[in-house]
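First up is the structure itself, then whatever we jot down about it.
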Protein chains: 2
Amino acid sequence: MTARKPRPTRKRIDAGARRAQILQVAGDMFAKDGIDATSMRRIAAKAGVTAALLYKHFADKDALLTAISEGFFVTLAGYMEKAIEGVNDPVARLKAQMRAYVTCGIDNPRAYHLAFMTALPRLRRGAEMKAFRERRRRGEPIAEVEMTLGMKCFGRLEQAVADVVEAKLTRSKDVATLSEVVWAGGHGLVSLVITHDDFGFSPTGKLVDQSIELMLHGLLRP
Amino acid sequence: MTARKPRPTRKRIDAGARRAQILQVAGDMFAKDGIDATSMRRIAAKAGVTAALLYKHFADKDALLTAISEGFFVTLAGYMEKAIEGVNDPVARLKAQMRAYVTCGIDNPRAYHLAFMTALPRLRRGAEMKAFRERRRRGEPIAEVEMTLGMKCFGRLEQAVADVVEAKLTRSKDVATLSEVVWAGGHGLVSLVITHDDFGFSPTGKLVDQSIELMLHGLLRP
DNA sequence: TCTACAAGTGAACAGTGTCAACTTATTGCG
DNA sequence: CGCAATAAGTTGACACTGTTCACTTGTAGA
């Protein structure tokens, strides 16, 4: 006469902890197996839980992916912050920021793809982002707390560009556009390298060096 | 006593025509609704055919997408070819190639995403591509026929860079790396603009102009 | 006219994201 | 202590996906 129900053994844990656990499992699975292999059911199974439960913590799969993506922004901000510690020359700082961005992307290809090469509906906070850029353009100070993680990262790059412009070292003074161009340069490099790894690119180090070199020569006035 | 089977009305057409028709339908649907909404069943329905039939013409969905993607390479090659008609100055030619690349990408965002921002298994002909680049590096001539469509497009860009290098106008002489850097610049621009259309970028025209300007200043020696 | 083959179909399989209705465990309260 | 409220979790389904295999049907040539 053992119990009919075969020991459900469900461990209930507090919502916050479960959310964190799910995110952890999902993040690992995503980084290892890619987006397609990371299904709600597989995540749930690995977390020792039912798929339906995931929906108590994340509105849908996009929301879960967005959360993973935001984790990456934290990582990226870390790379960029560390890169300029103790560096004072504006040009050196800009170089360091670019290098940090590219390195972080190449180090975390899956997450980079998710964060920057996928149009996650939830990540697109159009109006917010535009407003942020408007205010920056007008030179308004913006509190850290107000910023999206993505904004913080781009903001870092933009600030580095602004510093170089302010030091009167550049050909153009259009900080906004210049920042976008610099971003595009770095982003292009990362995204090509991580998605066409069979193209036979020059060694990554050389590629990154030459790219940063070229962009700065283009940016700075002779 | 009408026929029991309700008039199958199956129109049989020749395999080649059917393949072309499917490709057409799939291409249109993909360009309009994106990759997720373009399911095998929806394609089949719109083509007036069963999903199973698609597999007589394409090994799997990837193969179908690859075919669409290759159609885009034809378009891109067209843009690039047209752009340099009658242009003789090497610097002007390089500029024209870059602009054509970027314009084509922005004009066909979905196809661009598929061709350059998605790792389609079938598109990755690693060894082939590497060999092609090796031979180019050694200056061997390569017959048009031998080339993949993708190779042709990159080859065009590389050739334009090579011409500028040969005219002794550049800082560096490393054609291979330089070409990759130039490609990355253009690619970064396109891919950012088409995937983060809510970021509040500077007007595209301005962005493209400044980007090309900057890259060329970086490339050319003073 | 019969046959061989190409063109096309039907039905199923295993997997997906998602949700409504249900059950179970835990916690605070009288 | 016992009971109710609520948080945590599950069941089972729905409509969809890519894909395959056995089957039928139309058509061209002998």
Side-chain angles (χ1 to χ4, degrees), chain A residues 3-26 29-30 33-69 114 118-122, chain B residues 2-26 29-30 33-69 114 118-123:
Chain A
R4 300 284 285 297
K5 302 234 172 176
R7 297 190 151 271
T9 322
R10 308 168 177 117
K11 343 175 197 171
R12 278 174 93 124
I13 66 176
D14 141 282
R18 179 76 355 140
R19 197 193 128 101
Q21 184 219 3
I22 291 170
L23 202 46
Q24 176 73 36
V25 167
M29 185 179 292
F30 171 75
D33 305 335
I35 197 163
D36 283 339
T38 307
S39 76
M40 295 303 261
R41 282 176 166 92
R42 265 192 11 107
I43 295 168
K46 195 151 204 170
V49 117
T50 305
L53 183 59
L54 304 198
Y55 290 86
K56 294 266 157 76
H57 298 279
F58 301 92
D60 52 22
K61 196 184 182 185
D62 268 341
L64 179 44
L65 289 175
T66 300
I68 293 176
S69 167
L114 183 63
T118 313
L120 248 27
R122 216 154 289 253
Chain B
T2 55
R4 300 284 284 296
K5 301 233 170 172
R7 298 187 150 273
T9 324
R10 307 170 177 118
K11 341 173 200 174
R12 278 177 95 128
I13 67 177
D14 143 281
R18 186 60 87 189
R19 197 193 129 101
Q21 183 219 2
I22 291 170
L23 202 45
Q24 176 74 36
V25 166
M29 185 178 292
F30 170 75
D33 305 336
I35 198 164
D36 284 338
T38 306
S39 76
M40 296 303 259
R41 282 177 165 91
R42 266 194 8 108
I43 295 169
K46 195 151 203 169
V49 118
T50 306
L53 183 59
L54 303 198
Y55 292 85
K56 293 267 156 76
H57 297 278
F58 301 91
D60 52 22
K61 196 184 182 184
D62 268 342
L64 179 44
L65 289 174
T66 300
I68 293 177
S69 167
L114 183 63
T118 312
L120 246 29
R122 214 154 290 254
L123 220 47

**Request:** Mind calculating the distance between CG (B:Asp14) and C1' (C:dG8) to the nearest angstrom?
**Result:** 14 Å
**Request:** Look at the side chain of A:Arg41 against the base of C:dG17 and say whether a donor-acceptor pair falls under 3.5 Å; ignore hydrogens and angles.
**Result:** yes
**Request:** Measure the distance from CG on A:Leu64 to C1' on C:dG17 and round it to the nearest whole Å.
**Result:** 12 Å
**Value in whole Å for how far the P atom of D:dT19 lies from CG of B:Asp62** = 7 Å
**Message:** Determine whether A:Phe58 and A:Leu23 satisfy the following criterion, side chain to side chain contact (heavy atoms under 4.5 Å, CB included), listing intermediate values before the conclusion.
**Reply:** CA-CA 10 Å; A:Phe58 301 92; A:Leu23 202 46; 4.1 Å; yes
**Request:** Please confirm whether the backbone N or O of A:Leu65 pairs with a side-chain atom of A:Ser69, one donor and one acceptor, at under 3.5 Å?
**Result:** no
**Message:** Nearest 0.5 angstrom please: B:Leu64 CG to B:His57 NE2, how far?
**Reply:** 11.0 Å
**Asked** Hey, does the side chain of A:Lys56 come within less than 4.0 Å of D:dA8's phosphate (OP1/OP2), counting only N and O?
**Response** no
**Residue whose closest nucleotide on DNA chain C lies nearer the 5' end, A:Ser39 versus A:Ala59** = A:Ser39
**Message:** What is the distance, to the nearest angstrom, from the CG atom on B:Leu54 to the P atom on C:dT9?
**Reply:** 10 Å
**Message:** Run the side chain to side chain donor-acceptor pair (under 3.5 Å) test against B:Arg19 and tell me which residues pass, sequence neighbours left out.
**Reply:** none
**Asked** Just to confirm, is there a sub-4.0 Å distance from OP1 or OP2 of C:dC19 to any side-chain nitrogen or oxygen of A:Tyr55?
**Response** no
**Prompt:** B:Ala52 side chain: which of D:dG18, D:dC21, C:dG8 is closest?
**Reply:** D:dC21
**Fill in**
In terms of heavy-atom contacts, B:Val25 and B:Ile43 come closest through CG1-O, 3.8 Å
**Fill in**
Testing D:dG18, C:dG8, C:dG17 for proximity to the side chain of B:Arg18, the answer is C:dG8
Identify each atom pair where a protein N or O and an N or O of nucleotides 1-6 of chain C are less than 3.5 Å apart, giving names and distance.
unit_1, atom_1, unit_2, atom_2, d
C:dA6, N3, B:Arg12, NH2, 2.4

**Message:** So if I take every side-chain heavy atom of B:Ile13 and compare against C:dG8, D:dT19, C:dT18, which nucleotide ends up nearest?
**Reply:** C:dG8
**Asked** Donor-acceptor pair, A:Ser39 side chain versus A:Arg42 backbone, under 3.5 Å?
**Response** yes
**Request:** Take atom CD1 of B:Ile35 and atom P of D:dT17, then tell me their distance rounded to the nearest Å.
**Result:** 14 Å
**Request:** Can you tell me the distance, in whole Å, between the CD atom of B:Gln21 and the P atom of C:dA7?
**Result:** 14 Å
**Message:** Can you tell me which nucleotide in D:dG9, C:dG17, C:dT9 comes closest to the side chain of A:Leu53?
**Reply:** D:dG9
**Request:** Supply the atom-to-atom distance B:Gln21 CD to B:Arg18 CZ, rounded to the nearest 0.5 angstrom.
**Result:** 5.0 Å
**Interatomic distance, B:His57 NE2 vs C:dA7 C1' [rounded to whole Å]** = 7 Å
**Request:** Starting from P on D:dG18, measure out to CG on B:Leu120 and report it in whole angstrom.
**Result:** 14 Å
